[in-house]
Each structure stands twice: as structure tokens, then as C-alpha cells.
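Structure, as C-alpha cells:
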Amino acid sequence: MWSDAERKEVNDVLETGILMRYGFDGPRKGIWKAKELEQAICQRFGSQYAQLTSSGTAALTTAMAALGIGAGHEVIMPAFTFVASFEAVLSVGAVPVLVDVDETLTLNPEAVRKAVTAKTKCIMPVHMCGSMADMDALKAICQEYNLLLLEDACQSIGASYKGQYVGTIGDAGTFSFDFVKTITCGEGGVVMTNNEDTYIKCDGYTDHGHDHKGNDRGAEQHPFLGYNFRISELHAAVGLAQIKRVDDFLSIQKKNHAALKNILAQVPEISFRKIPDEQGDSCTFISWFLPTEQVTRAVVAALKEEGILAGNFYWYDNNWHYIRKWNHLKNAASLYLLSGEQQQAILQLQQQDFSASDAVMSRCISTSISLLWTEQQIKDKGEKIVAVTNRVLQSSLHKA
Ligand SMILES: Cc1ncc(COP(=O)(O)O)c(C=O)c1O
């Protein structure tokens, strides 16, 4: 959703011509969009500190570096996520340890517990498709084994768990503001944390290790190595307008989600994703299950035939989101040399048993919730999905 608000914020930056978030104190005439957006994120989501980055992927990488995750460490993460989650782990030299998801579509705490080794440094839940992981169970494991908790909340802006926004519960958490997220900067991301030391490290890491002390950028010190993961003022300006509208977006999402769920719930064979805190669902998607893979595949094929598949995602066959299709990872197809430890760990994914995740993902369809739907469109969409599903269920009954 785009409005004059975004244009106004971007124009403020264009008028000064200072597109960079640091320095140029005089000519920028008091316009600091990135800083303002960081403050707005802290205020809206209840985080003590926020560091903007150039993407959600950069935010995860930054958080890992700031938390001291690197060579020799293992990070436990789910087999259902976006490729960025393991890219970030590999980029800091650590090993991604992929484990099963359950009907929450996020980490199965029991699978996590079984995967803990002496090398485990961090558990990284991914709050997929607008909803959240079982944070109490994961926090308990972190406490028991003294592990870090890093939340990949890139897909769940505005979701909460027992009164706390996801991304602010662990040692650090990230959002993505890429073009398809609840609010966008075009490209961008953020690391949130309540730990000052972690924040200072994120702040420096995203800007070549600069300490950001004083107001002479050329004289700043570099207490540690960093990268350029800076967001630009133009991107931050878009995000600043968007965050002011996030409550409107979330309430439309929730309303549309409830209306569609009511219609889908008419089919007794449809069950819904387990949500650890129903109240906290940000409702970007409605994820539903059918009784078997065969029926699910037939429903997906029928939705396609009817021309209504768009917006309904069958992640089991998707190239981006599920271990099954991550051949580049499983073959360790890296352009640069990975460490022996990393190579060995990811090659063994070819043999690893993900049947528990397969049993969940092969029966799951996620329908994305649009902010633009009218009540009539939701009714039409829901009724078409229900008709297609009933037809497939009937014919599978006959075949049986
Ligand atoms: C779960 C998850 N993590 C990380 C990212 C990376 O975010 P970005 O696209 O901003 O790099 C995404 C983006 O879709 C995501 O879905």
C-alpha cells in the first residue's frame, strides 16, 4: 500500500540530497530518517535498541556477528524457512544444523533438544508466515544448555507471543523490510536487541566497524572488523512512512484472515496450523492442512486448473522455503571455499531424515492474506477453495 506519506518522507531526503545515513551533519538540515525509523521501531515493538540494515539477510548476519557466532559453532534452525537463514549462518563461518518442524510450521522443540551438541551456540527459531514458534519451550532449552536465542522474525512483523513482539524476545531478533513484507523499505532490515553491548556491535558491524564516536567520520576508530550493511536514507524514509501505518495494515490483515478462515473451516477435513499464541498471529497467511499428501497435491492441481492458485503456496514443492529443494545447500555449491566442517555438515543433509517435517509440509497450503481484498472477494475466494477441496475429497473417497 503506497500513499502520499511515503512520497513526503522520500522528498524530505531528496530535498537535502543527503542519501547516506551517517555524517554530513550540516547539509542534512536535521533530516535523519534512519535514526527516526530506529526510534519508531523501538517504540512500536518494545525493543530497547534497533539497528537498521540493508536487508533482512544482512540483519541476520549482523546479529550473528554481534552475538559472537562464528567458526566452530553450530546454529540450530528449522528445515522450513527462507534460504537467507542458512546463508547468514554460513557467512559468519558457522554450521547450520537443520531440524524438523511440527504443525506450528516452526521449530519442533523436541527435535531441537535432540540436536544440541557441545558445539551448539545458538537456537534460531524462524517465525514463519506471520505466526510464531513455541518460545517458552525454546527459551527453556537455551537456559538449560546456556545457548543464545536469535529470532528470525523477518516474516512476522507485528506478531507477538504472550504479550511480547516476536523479534524482541531472544538475545536478538530481526525483521525484513523487503518488498513483500508487512511493511517495506523497498529493501531493508533491522536487528532488535535489549542488550546494549550487542547493539553497539551491530551499529559498528553494519558500517565497517566504525565506532560512531564524535562527529568527524574520518576520525572514527575501528574497534573491530565490519562490513557495509548500511541502509540508505531513501529506503529508511519509505519505512518511516510505512511504520506509521503498520497498525492499520495489521488490523486489515486480521479481519481478512478471520473472514477467510470462517469459510475454510466449513470443510471438516481442513485443519489449521497450530499457533502457540493465537492472539499474537499477525495473520499475513492462513496455513491449513489436508488429510494426506495425495489429497493436498490434488487440491493444488485443481486450484491451478481453476486459475485460483495464485496466493496459495504449496511450500513442499517450493524452491526457496523447504529443505527438499535446497540442492545448492545439500551439494555445498559455494562459490568460495567453505570450511571442512561446514562442508561436511551440509553434505550430510542429503542423508538426513526429514520425514517428520515432510509429513507436515506435504499436507500444508498457505494462503496469503491481501490488504486489498473486499468482503465480496474474500467470500468468492473462500467459496471457490471450499468447492475445489470438497470436489477433490469426494473423488478421493470414490477412488478409495
Ligand atoms: C524467514 C526469512 N528470513 C530472512 C529473510 C531475508 O530478508 P531479506 O529479503 O530482506 O534479505 C526473509 C525474506 O524473505 C525471510 O522470509
Side-chain angles (χ1 to χ4, degrees), residues 34 37 41 50-65 69 75-92 94 96 98-99 101 104-107 122-133 135 138 149-159 161 165-167 169-170 172-192 202 205-206 227-232 234-236 238-239 242-243 273 281-285 287 311 313 315 318-323 325-326 329 357 361 364 366 368-369:
L37 178 53
I41 289 167
Q51 177 64 42
L52 285 168
T53 56
S54 49
S55 69
T57 312
L60 283 172
T61 307
T62 299
M64 287 194 202
I69 298 166
V75 177
I76 298 177
M77 53 167 282
F80 174 54
T81 176
F82 179 58
V83 291
S85 313
F86 63 71
E87 287 168 357
V89 177
L90 290 170
S91 75
V92 295
L98 273 65
V99 305
V101 295
T104 64
L105 303 185
T106 63
L107 282 175
C122 176
I123 296 176
M124 179 168 65
V126 185
H127 303 295
M128 282 299 277
C129 305
S131 181
M132 77 302 296
M135 294 304 284
L138 297 174
L149 184 61
L150 168 58
E151 296 171 82
D152 179 343
C154 284
Q155 289 199 5
S156 292
I157 298 170
Y161 177 78
Y165 284 99
V166 299
I169 300 167
T174 62
F175 289 156
S176 160
F177 300 127
D178 74 22
F179 193 54
V180 295
K181 297 301 183 282
T182 304
I183 55 173
T184 186
C185 294
E187 295 284 359
V190 69
V191 185
M192 293 169 289
C202 289
Y205 193 74
T206 52
Y227 278 102
N228 176 3
F229 286 149
R230 293 185 305 257
I231 196 164
S232 83
L234 288 173
H235 291 87
V238 174
Q242 290 261 298
I243 200 170
R273 172 185 188 174
D281 189 356
S282 77
C283 295
T284 52
F285 283 91
S287 297
F313 295 90
W315 306 119
N318 180 284
N319 285 343
W320 299 339
H321 288 288
Y322 186 52
I323 177 78
K325 295 287 183 92
W326 292 338
L329 175 70
S357 300
M361 299 311 301
C364 177
S366 292
S368 70
I369 303 296

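Positions are given from 1 along the sequence. Counting starts at 1 for both ligands and their atoms, following the listed order. Quick caveat, the model's predicted, so the values are computed rather than measured.
Of the inter-residue distances, the one linking R273 atom CZ with T106 atom OG1 reads 6.5 Å to the nearest 0.5 angstrom.
Nearest heavy atom pair, residue D178 against residue S176, reads N-OG, 3.1 Å.
Between S176 and ligand 1, an N or O atom pair is found at a separation short of 3.5 Å. At least one N/O-N/O distance between D152 and ligand 1 falls below 3.5 Å. Below 3.5 Å of separation, one finds an N or O of G56 facing an N or O of ligand 1.
Between L105 and C364 there is a side-chain heavy-atom pair separated by less than 4.5 Å. At least one side-chain heavy atom of M135 sits under 4.5 Å from a side-chain heavy atom of P125. Taking 4.5 Å as the limit, every side-chain heavy atom of Q51 sits out of range of all side-chain heavy atoms of V190.
The proximity of E187 to ligand 1, defined as any non-hydrogen pair under 4.0 Å, does not occur for either the backbone or the side chain. Only the side chain of C154 comes within 4.0 Å of ligand 1, counting heavy atoms alone; its backbone N, CA, C and O stay farther away. Contacts between V126 and ligand 1 below 4.0 angstrom, taking non-hydrogen atoms only, involve the side chain exclusively.
At the shortest separation from atom 16 (O) of ligand 1 among protein heavy atoms lies Q155 NE2, 2.9 Å. Atom 15 (C) of ligand 1 has F82 CB, 3.5 Å as its closest protein atom, hydrogens excluded (heavy atom only). In terms of protein heavy-atom proximity, atom 6 (C) of ligand 1 is nearest to T57 OG1, 3.4 Å. Here the heavy atom of the protein found nearest to atom 9 (O) of ligand 1 is D178 OD2, 2.7 Å.
Classified by interplanar angle (parallel below 30°, tilted 30° to 60°, perpendicular above 60°), the ring pair H321/W315 is perpendicular. The aromatic rings of F82 and W320 sit perpendicular, their planes meeting at an angle over 60°, well past the 30° parallel limit.
Heavy-atom contacts of A84 reach the following atoms of ligand 1: 4 (C), 5 (C), 6 (C) (cutoff under 4.0 Å). Close approach to K181 involves these atoms of ligand 1, each under 4.0 Å from a residue heavy atom: 13 (C), 14 (O). Those atoms of ligand 1 with a heavy atom of S55 less than 4.0 angstrom away are 10 (O), 11 (O).
The shortest heavy-atom distance from H321 to ligand 1 is not under 4.0 Å.
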